[in-house]
Each structure stands twice: as C-alpha cells, then as structure tokens.
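As the structure is a prediction and not an experimental result, all values here were calculated from the model. All chains are named by letter (A, B, ...) in the order of the sequence lines, taking the proteins before the strands, and each is independently numbered beginning at 1.
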Amino acid sequence: MTVLKVVDVLSKFEYNQFIVESWVKGFWAKNRVYDLVKAKSSLQPRKFYFLDGPPYASAKSIHVGTAWNKVIKDIVLRYYRMSGYNVWDKPGYDTHGLPIEVKIEQSLGLQVKKDIYEKVGVENFISYCKAFVEENMKAMTGQFREVGVFMDWDEAYVTYTNEYIEAGWWLIKRAHDKGLLQKGYRVLHWCPRCETTLADYEVSEYRELEDPSIYVKFPVRGKPGEHLLVWTTTPWTLPANVFIMAHPDFDYVRVKVGDEVLIMAKARLKAIMEEAGVGSYEVIGELKGRDLEGLEYDHPLEDLVDAQKGLRDYHKIVLAPEGVVEYEGTGLVHSAPGHGTIDYDIGVRLGFPIVSLVDDSGRMGEGSGAYKGFYFRAEANKAIIEDLERRGALFYKSTVVHRYPVCWRCKTPLALRATNQWFITVTKLKEELIREADRIEWRPEWAKTRFMNMLQELRDWVISRQRFWGIPLPIWTCRACGYTHVVGSVKELEEMGGYRPEDLHRPWIDKVTLKCPKCGGVMERVPDVLDVWFDSGVSFYASLGYPMRRDLYESLEPADFIVEGHDQIRGWFFSLLRSGVIGFSKTPYRRVLVHGFALDEQGREMHKSLGNYVEFEELISRVPRDVFRLWVSSNTTWEDLRFSWKALDYTFRDFTVIWNTFVFASTYMGLDGFDPEAVTLDSVRGYLGVEDRWVISRVNSLVKKYNEAMGDLRIHDAARALRSFILDDVSRFYVRLVRRRVWEEADTLSKRAAYATLYYVLKTWLSLAAPIIPFTTEYLYQHLFKPAEKNAPESVHLLDMPSANESLIDEELERDMDIARSIIDAALAARAAAGLKLRRPVRRVIVAAKDSRVLEAVSRLSDVIGEMVNAKSVEVKGLEFLEELRVYTVKPRMGEVGRDFKKLTPVIVELMRDKAGEIARSITSKGYYEAQVEGENVRLEPRHVDIGVEYPEWLSARESELATVAVDTRISPEEEAEGYAKEVVRRVQHMRKEAKLMIEDKIEVWLSGDEGIIKAVEFFEEYVKGETRAVKINYEEPPGTVYSKEWDIEDKVITIGLRKV
RNA sequence: GGGCCCGUAGCUCAGCCUGGUGGAGCGCCCGGCUGAUAACCGGGAGGUCGGGGGUUCGAAUCCCCCCGGGCCCA
C-alpha cells in the first residue's frame, strides 16, 4: 500500500477547517470511536481515576470558561489513555440548590417561599426543578461533545438521583457516628423576605447602602460619669448586646470631655474627636487593653428591653483580639452573639447567652420589649437612636455609606442572625485536614499555599438549609420523646419501620415516618435539605456507587487527578477534602490542577449583564473546535484567559500552515508513490542528510519535552512546544530545506530519505497533537497515514503516545543548527541590504565566525546555509578575515575635538582621515588612541569620534552575535544568465498554475523577446525544462493558439507561451 | 482589612523557580517569494520589564514597601 490513492483528497481539497471537523464528528459517530478508545483503555493495567468537578446545571448554554475547563480535562484524559492507562472518565452534573429553585420560582412567577406550598405545591415544584435540570444537562452534554470531549456521557453521574442521595446520607451518618454531627445555633445571613438562611456562596451581592453610624456611651458600672465608647452601624443589634470586646495589646485612653470621662483606643482618639467636632478634651489616663478585662458596664436601654434583664452579669469587657481593629471604631466593640459571627464564637467560648431578637421576617421579636414588631433596619434603628439620644447615651451620630450584603434575588438587605442549624464540627478535624492537604500535589504550587491558609481559618460546616430542591437531611426526630436518629441508607429506613419512596426528595420523603426505638413513638424527618456544596463534595465516592457497591471505589480511589478554576480552591477542592476526611480519614484526590478564569478582552468577567458574554453557539459557529482548543490550551493554565476573537483568528491562521505542511508531504509522497512500510526510516538510515538527522533529533526532543510537560500538568508548555515545532522547525525550515530534494524527478535515495523522515516526523507530531487537536489530527490520520499502513489502528486516538528515542537526539546538531539558522538570518539580511532577490544565486557567503563553536557549526552545515540563502558556496573564516577587508571611517565630532585640542584641531582632523583604520581599531579595542601631534601627546577617546565600518562595494555584510556574515554580491555573466533563467522559470510556473495544469503535466514552451534572456534560457535549457516539466522550448513567437503572456523582467520584455502536451 | 495570583513592545503573552547583554505572535513600515500559495518568508522601527527601595560585581528574575487588576475571604 502507498499513500498514492489519497493524494487527491488532500491536495485538491479546498481547505476548510469547519468541514474537516464535521467530517471527523461524523466519522467518530459512525465508527463509535469513543467506544473503541474506551475499550482499549480498559485493558490497560495502570488505573487513572479522573474525577470530574460537576458543572452546575442551571443554564442551557455553557460559558467559555466551562468549555475551557472541559477541554483541559479532555486533553489530560486523552493523553493518559494514549500513554497506556485505564482511564476513568465519568463526567458529572451538579443539580441541586437554591439557584435552581429561584429560576423555577421566577419562571412560575412566585414571590415568596410560602407560594411554593400554596400556589404550586412542593411535589410539582420538585418536578419542575428536575425537568429544568434535565434539559440543561442534555444541552450542556451536546456542547461538551461538540468541542470534542471524550467522556463517558452515557454514564454521567447526576447528583439528584436516588443513589446519589443515598450516598450522601451515608456521609451524614458517618459524621454522626464520629460525633461530628450537631445541632445548634449558628450566625448566618438571613433574608427576611425569602425567610431562609443563605449559604456563604449565596451572599455574593452587595449594595452601597446608607446606615447610621453612631457612637454610644455605655456607663461603667459603679463609676458615675465614666463611659465605654462604642461604635456601631447596626443600632438594631444593641438590644441584643451581651458584652464588649477590647484588644489586649492596644493602648486605650481615659479622656475627659466636659464633665464626662470616655474610654477608647488611643489610636482612634483624634479621628473620633475630629469626626464628632469636639475641640477640647483631655487625656487623663492611659492603659493597655488587657487592663480593661472584666470591667463591668450597664446597658443604656436595659429597662426598655426584656431580654436585657437577664444579661446584667455578662456586661463586661472581654479580651478578643480577633474582633477588634485599630483602623475604625473605638477599639471597644459592642458584641451581640446573636448577630455577629465573631461575637457568637466568643460568646459560646465564654458560655455567655446567645440572644437573637430578630424574627424570620426581620422584625424585632420576643424579648425586645419596647421595640417589638419594629423592622430591624428601619423602625428599630430609628427608635433606638432616639431613645439613646434622649437618655444622653449618644456621643455622636451620623451616617455611613458602605457595602452591605443583599439577597441576590430580591435585593433585600440581609441580617446576620443566630438560627438553629445542623452542622458538622469539622474544626475538630483541623489537624487531620491539614495533614491530608499537605499530601496533595498542587499545580501550581501557590494553590497549596492558598489552600493551607484557608484551612487555618477553618470553621464548622453548616449543612442545613430550609429549602426543597436538595438532598433531604436524613435525620428523624421522635415526636414523643425527642430522640433523634440519623439514617445512613434506604435499607436502614426500611428497618426502622419506614419505606422506600419512589423519589427520595421532598415532599415524598417527608411522609416517611419511623418508629422510635426508644419509646415506640412516631419519628418525623427534620424538614431541612443539605447545603448543595455537600453534594459535589461526596462525588469522589458517590459517583462510583459507594457505599451500595464497594468494589469500584475501593479499586479506583484516590482520584489521580482533578482540575477546576481557582475559585474552587475554597469551593469544591475543599468540600471534597472535608468529605474525604469525614468519611475515610484521608484525602480523596492526589493531584490538583488549577485553571484561571475566562475573562473578556479588557480582563473583566464575562457577564450577560455587561454585554460582553460570548454565547457558546456563537463561539462554535465562528471558531473551529480545534482552533478554540489549541488557543485555550496555549494559555498558561492557571492564569486568566482573556477572550479575544482576534487571538482566535491568529490561531486559526496557524492551522493553514499546519495543513499546508501535510499537503506538501502528501502531494509529493503521492506523486512518487512513496510507501512508508517499505521505505522505513531504518532502511534509509545511511542516506539521511544532515537536515534529516536534525529534524529527527528535534522531533524526539519534542517528544521528550512534551511528555515531561504533560506529566507535570504543564499543558500549555506542551501545546506551545507542539505549535512551534510544526510551524518553525518543520514548515518554515525543514520543508523549505528539502523541497529541492523532493522536486527531483528521479527516484533518488536522497528523496526517499526525505520522505521517510517527513513521514516519521509528521506521524510522531500527529500522535502528540492528538489530545489537543483531536479533530484535525484524526482527519489527517484518516487521509494520509491510515491508508498507507496495513495494520494501522482505526483512529489516531488509538495510537500509543510516542516516547522519545534518546539515541536519535543529537543535542550538538540541534545547537549547531541554531547557529546556522542565526547565520542564515544574517545572510538574508545582508542580501536584503544589497537588494539581491533570493532567486538570484550569489557566488559565495563568507562567515567570519566569532568563536570556534560557530566555526565548526557553520562548516558542518554549510550546505544547509547555502541552500537557504541560495549561495553557491559558504566559506567559513576567522574573524580576522573580514577585519582585513574592513574599511573604517573616522568622523571627528567637532565640538568635542575643538574644545579639547584647540589649535591642533585641523591637524587632528587630518590625522583622523589619514589614519582612520589605525585609530578606529585602537579605539574599538583599547578605548583610546594616542599619537604625537606637533610635538604634543594627543589622546583620542570614543567621545571625539564617530566610527563607521564599511566593506568593499562587492561585499554586503551583517554583524550578528555569532559572526559577521558577508555576501559576495559580484555576479559573473554566467550567474546573471542563471538568474534570468530562474526568472523565466518562475513565470512559466505562474502560467502553469494560471492554466490550471497539474504538477505532473508536461508542457511545450515558446519564448520570444529580449535577446539576453533568450540566450540565458538557451544556455540553461536543461535546467529550465526540468524545473517546468517542459519537453520542448521553441525560441520563437508563440502561436496564437497557445496560452501566452508578455512579461517584464528588469525592464527587459519577453513573451512566454505554453501548452500542455 | 487579610491570603494568594497577575502587571514585560501599540495589543496578547513567553522569560522569573535555578540572577549574567530583554523574547515571540499580531499590528505598523520596507523588501522578498510564488511547484504548500485566498498562503508564506526576511528586514526595520517600537520596551523607565507597574513605581520605589534593598541584596549583589551584576536584578525583568531574589527580598521589602507602594500602586493598579483578578480570585477567595473578612
């Protein structure tokens, strides 16, 4: 078999990347290529467990960043499959949670939570959520497939399934068994309109809001006239005040203002007095924060607030460095453990009561006395400030505008509020979490730093939400005796007297009651659902069916690789680790790669509201899939990606060059009937040219570099190396170099060697590139390589990843070629400077090497240099050679010379002209030139002169770092004639193309006009015939019947005619 | 306010870990090629390497401070 039969496909094909990709898509579907790839991988001995971070199925169209994310995953999976791993590639979808509930509420026009019960019913509501998510998943899967992601789409894991829910229950039970599951108060953001807690991640929207900014005086107990000064922007929390915090290390002052004494932080004194407009005050004492500890005070509103009655004993100063700052406030912080996170933690630590006076709807509730029924930010604030003022407890009041969290769906300002929630006390596992996190391999390394820092601030995990669309909390409480039981599985549910509902979601699960093992009473489920972060956190085992089946998880764990955006360091990476440690006391994953964000061209987030959002549909219709893939994978993975149509366009252009490279190969291999199975690299080893050995070395170096980069998860390094190899090394250098060998008509060994080399290099590259540009590589493989080999696998994706053949790597040769390329550049520049067209051969190029390494390299590669710069010979000389030819000009800088040498100036100017060479050499080498002029010692320095270098007219020279390269521009009559012959050849070729002749077509040529040119062609007739595939040249006016054209070659006119024979 | 990241040519980005004369692509100007060709190649102009300080013989690179942007928290 040969590649002959496919030539036409590639060369005649009008290249269209979109058509290429559609063809491949069809090919994959028709031949079930994913199944084949999967089947091959499943036979491999080494496991590679990839765990997909499930995208949130809340929309139909994926974000550019989501596409990037999946492409990274796909590249890694494809790489490991080709490298001989049994790859686990199940994708997943995250499907529960409030954001989805809200979308459904919006689509149904529901206003408040109550509407769900009253207007639609929970049962219907859940069905809507499910249907919505299913539609989204279907659309998203289609898009992931569209960009070529080879994952097990038919077996995707979905978090809303009964199996998944049951797996989630298992972990809650685990936490319970370990004594980590608790119920208690937690301070969380609460939306008073939606009447629900909001998860941390839901507190994402802030508004600039105006709030009171008040300084309140809390009387020091037993010291009339002395007050603790406290600052707050939330007067509504004052009725719930329990204690005041101070920083042990700060300096505090006692300040006399009028006839009162105020205590506050020294660092804040000036600012506060300025703000309050108090001109005269006197510091009468200074003390450390720690000296304030235990100081008791009275609450200024004690008699108005019922709840305050029982708090007298707790009203004192508590040392709490974490709650006090020096840049704002007074250094004394009013603490309401029912309304502040730090306040709460300290309150609990001290065993102080937790007072929360705001109810579900945001109004002051039981215990708030005079303020009962007042809405927290409105009436309550107003009334409290008035009361304080009336009582003389207000030092100063104004307002501030600051960022305040609002509910992201109804924009209502949120309240921090202690509510009863279920949580897992992961803080007890802190050391274990840190130990396990430390074992994980992070890319890049700073992700680890970030993760570790976060673990230092670990807080307990509040898992309960008062919502519907989520994993129901598997906790049942006895109506009679209050006994609580955690259910770990459906089986346990049945054993406890319950039953298996068809769907484990609310509301069906709510109807399942159990029999209390303590008193035999009826147990009902706690109505909460789980935080949606819990869902994805258990994916590492839940997606494998654990614990209902154990074998799969046990054989695969831990996950070998996960990758997500850097926002997931605190998100999924953390929730996974948390779940892993709770469930199995170890990290569920061993390697993490972090990727950046897809931003717009200005570096802003892409949002529909900003108008800079790129729809997937638009992306995929404007940009071929592989172009997108190559572009995103070239971006440094962990850095943000700035989306740019222009950048994609440029990447697209590279594909043309890649394509042309393969077309070049297939065209000539096809013409000559090259058979890669007969003419192997081994069989032509003795005939390899130096450029062949070079490119073979380069491709093996590439394989090495590529494998190292991929193994280290530096995908962008791999992608960039691939790109620059095919574009710079192969297309722009090697192909240019071998064209002449390939154009030979005869079947030479040199040509065979070139083909064998090219075939080997391109096929190797194709294998390496397959994970990154799976469509293009498949097309080229199917059309060029597969038909040429008898036992070639069905698809390029079934090939084995090449490993570097170190024996073919010749580092010295690669280094030498680098030198040669630099010399070539210099020579081309020298030619350009002399206005010599590349088509015109030059007699010789002289390379004056700056060191022996350059000298050796140029000697070794002189043929390559000669070919590339179209020189008959390349002479290598030492630096001294050109030095002899050099002519220096030394121009005096009259200002400097005049100032320094006064009267001697004219003589010195003359000297510079006469001894230019000597002076120039001396100044350039030693830095000065000394001479006796009219009996005086004269010292010329660089500032006195402008030194110029000139070469003889027939030499065009170029200085480079490695050498001075000079082109001998003299042309003999014969060379001039050859130049003309080439000009004619070029024009004939052009006309051949215009006449739409095939490369192999033979022609007859007519030539008339300028005598010099005719003579030149006659002289080089064999050459001209060979180049143009002309069987005959007639030196006469072309007959009217043939295709003819008049040409102007350097002002000489000729007429060329030709016809196919 | 904190942690981490980024800030290099007009634009997009390499180089920084392991200090040693600043790179690529695109754009611009000039030239070339035309048997890979709705391509391609060469040359040129263009940079206080965000700012400041320090370490060093030597800093884009290491350290500190500041400014601007991002992510995650507060």
Side-chain angles (χ1 to χ4, degrees), chain A residues 10-11 14-16 200-201 203-204 322-323 325-328 341-342 403 405 444-454 456-457 459 565-571 574 594 596-597 599 601-605 631 634-636 638-644 646-651 653-654 656-668 671 716-717 720 723-724 727-728 730-733 735-736 739-740 742-743 824-840 868-870 958 961 982 985-990 992-994 997-1001 1027-1029:
Chain A
L10 274 191
S11 60
E14 193 180 327
Y15 172 53
N16 182 323
D200 292 345
Y201 66 90
V203 182
S204 55
E322 67 269 47
V325 292
E326 221 165 6
Y327 57 86
E328 66 172 18
T341 326
I342 296 174
R403 281 176 80 228
E445 274 178 40
W446 55 255
K448 181 174 188 172
T449 313
R450 202 145 139 180
F451 197 74
M452 289 302 192
N453 288 340
M454 186 202 69
Q456 291 304 326
E457 300 161 24
R459 308 239 304 263
H566 46 58
D567 55 331
Q568 299 303 328
I569 292 175
R570 184 168 278 268
F574 178 47
V594 173
F597 269 48
L599 308 172
E601 210 149 7
Q602 279 80 47
R604 297 171 308 174
E605 255 188 85
W631 179 64
S634 301
N635 189 81
T636 304
W638 40 84
E639 283 179 14
D640 292 346
L641 172 80
R642 292 197 176 192
F643 187 86
S644 156
K646 231 165 84 183
L648 283 161
D649 262 358
Y650 298 143
T651 307
R653 285 196 214 171
D654 287 345
T656 323
V657 181
I658 294 170
W659 184 263
N660 284 339
T661 304
F662 282 84
V663 168
F664 171 82
S666 85
T667 305
Y668 289 101
L671 271 180
H716 49 285
D717 283 341
R720 289 170 190 165
R723 215 165 153 172
S724 85
L727 297 177
D728 296 332
V730 180
S731 173
R732 287 166 195 159
F733 197 70
V735 166
R736 255 159 220 287
R739 269 192 301 192
R740 200 152 296 281
V742 163
W743 289 344
I824 289 165
D825 285 349
L828 289 172
R831 286 189 71 116
L836 287 174
K837 294 181 176 182
L838 191 55
R839 210 179 313 126
R840 165 165 294 172
M868 291 298 280
V869 304
N870 196 9
R958 190 85 181 179
E961 285 169 29
K982 287 195 174 180
V985 166
R986 197 200 115 205
R987 284 161 176 80
V988 173
Q989 305 292 30
H990 191 83
R992 283 185 61 114
K993 178 149 291 185
E994 283 178 335
L997 298 184
M998 293 289 105
I999 287 170
E1000 62 271 25
D1001 290 339
E1027 289 287 303
T1028 60
R1029 305 211 171 179

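- Comparing B:G42, B:A36, B:C40 by their nearest atom to the side chain of A:Arg736 picks out B:C40.
- A:Ala829 comes within 4.0 angstrom of the backbone, heavy atoms only, and of no base.
- Within 4.0 Å (heavy atoms only), A:Arg992 reaches no atom of the nucleic acid at all.
- Among the protein residues, A:Thr1028 comes within range of the nucleic acid bases, having at least one heavy atom under 4.0 Å from a base atom.
- Between A:Phe664 and A:Leu828, the residue anchored nearer the 5' end of RNA chain B, judged by the nucleotide with its closest heavy atom, is A:Phe664.
- Side-chain contact between A:Trp638 and A:His566 is absent, with no heavy-atom pair separated by less than 4.5 Å.
- You'll find the side chain of A:Val730 reaches within 4.5 Å of the side chain of A:Val735, heavy atoms only.
- Pairing of B:G68, defined by two Watson-Crick or G-U wobble distances under 3.5 Å, is identified with B:C6.
- Across the strands present, B:G46 finds no partner; the criterion is a Watson-Crick or G-U wobble pair with both atom distances under 3.5 angstrom.
- Nucleotides B:G15 and B:G27 are separated by 24 Å at their P atoms, to the nearest Å.
- Using C1' as the reference atom, B:C73 and B:U55 are 34 Å apart when rounded to the nearest Å.
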I'd like a table of atom pairs between the protein and nucleotides 24-32 of chain B - only N or O on both sides, under 3.5 Å - with the distance next to each one.
residue : atom : partner  : partner atom : Å
B:C26   : O2'  : A:Tyr650 : OH           : 2.1

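- For B:G50 and B:A59, the P atoms lie 15 Å apart once the distance is rounded to whole Å.
- Using atom C1' as the reference point in both B:G20 and B:C28, the two lie 33 Å apart (nearest Å).
- Remark: A:Arg723 engages A:Asp654 in a salt bridge, criterion side-chain N to carboxylate O under 4.0 Å.
- Looking only at distances, no side-chain donor or acceptor of A:Asp640 sits under 3.5 Å from a matching main-chain atom of A:Gly596.
- Atom NZ of A:Lys448 is separated from atom P of B:C71 by 26 Å (rounded to the nearest Å).
- Within the 3.5 Å criterion, the main-chain N or O of A:Asp1001 finds no donor-acceptor partner in the side chain of A:Arg1029.
- Comparing the same atom, P, in B:G19 and in B:C63 gives a spacing of 11 Å after rounding to whole Å.
- Residue A:Asp649 is classed as having no contact, given no heavy-atom separation below 4.0 Å to the nucleic acid.
- In this structure, A:Asp825 CG and A:Met868 CE are separated by 9.0 Å, a value rounded to the nearest 0.5 Å.
- What separates CG of A:Leu997 from P of B:U37 is a distance of 15 Å, to the nearest Å.
- Rounded to whole Å, the separation between the P atoms of B:U8 and B:U48 comes to 12 Å.
- Atom CD1 in A:Ile569 sits about 13 Å away from atom P in B:C71, given to the nearest Å.
- Here, B:C16 and B:C26 have their P atoms 23 Å apart, quoted to the whole Å.
- Rounding to the nearest 0.5 angstrom, the gap separating the CZ atom in A:Arg992 from the OG1 atom in A:Thr1028 is 7.0 Å.
- OP1 and OP2 of B:A36 both lie 4.0 Å or more from every side-chain N or O belonging to A:Thr656.
- Checking side-chain atoms of A:Ser644 against main-chain N and O of A:Ala647 turns up a donor-acceptor pair under 3.5 Å.
- A heavy-atom distance below 4.5 Å is not found between the side chains of A:Phe451 and A:Arg570.
- Put simply, NE2 on A:His566 is 13 Å from P on B:C73, counting in whole angstrom units.
- With both pairing distances under 3.5 Å, B:G1 is matched to B:C73 as a Watson-Crick or G-U wobble pair.
- The CG-C1' distance, from A:Asp640 to B:G68, rounds to 15 Å in whole Å.
- Across all strands shown, B:C13 is found opposite B:G23 as a Watson-Crick or G-U wobble partner, with both distances under 3.5 Å.
- Comparing B:A14, B:A36, B:C72 against the side chain of A:Arg570 picks out B:C72 as the nearest.
- Toward the 5′ end of RNA chain B lies the nearest nucleotide of A:Ile658, the other residue of the pair A:Gln568 and A:Ile658 mapping further downstream.
- To the nearest 0.5 Å, the span separating OG on A:Ser731 from CG on A:Asn660 amounts to 7.5 Å.
- Atom CG of A:Leu599 is separated from atom P of B:G68 by 19 Å (rounded to the nearest Å).
- In this structure, the separation between CZ on A:Arg720 and CG on A:Asn635 is 7.5 Å, given to the nearest 0.5 Å.
- Comparing B:U61 with B:U18, their P atoms are spaced 14 Å from each other, to the whole Å.
- Across the protein-nucleic acid pair, A:Asn635 atom CG and B:C13 atom C1' stand 9 Å apart, rounded to whole Å.
- When the P atom of B:U37 is taken as reference, atom CG of A:Asn16 falls 15 Å away, rounded to whole Å.
- Within a 6.0 Å sphere centred on CD of A:Glu445, heavy atoms belonging to other residues, nucleotides or ligands number 12 at most.
- At the heavy-atom level, A:Ser731 lies under 4.0 Å from base atoms of the strands shown.
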Could you go over nucleotides 3-7 of chain B and give all protein N or O partners under 3.5 Å, atom names and distances?
residue : atom : partner  : partner atom : Å
B:G3    : O3'  : A:Asn453 : ND2          : 3.4
B:G3    : O2'  : A:Asn453 : ND2          : 2.1
B:C4    : O2   : A:Arg450 : NH1          : 3.1

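- At the phosphate of B:A74, OP1 or OP2 sits under 4.0 Å from a side-chain N or O atom of A:Arg459.
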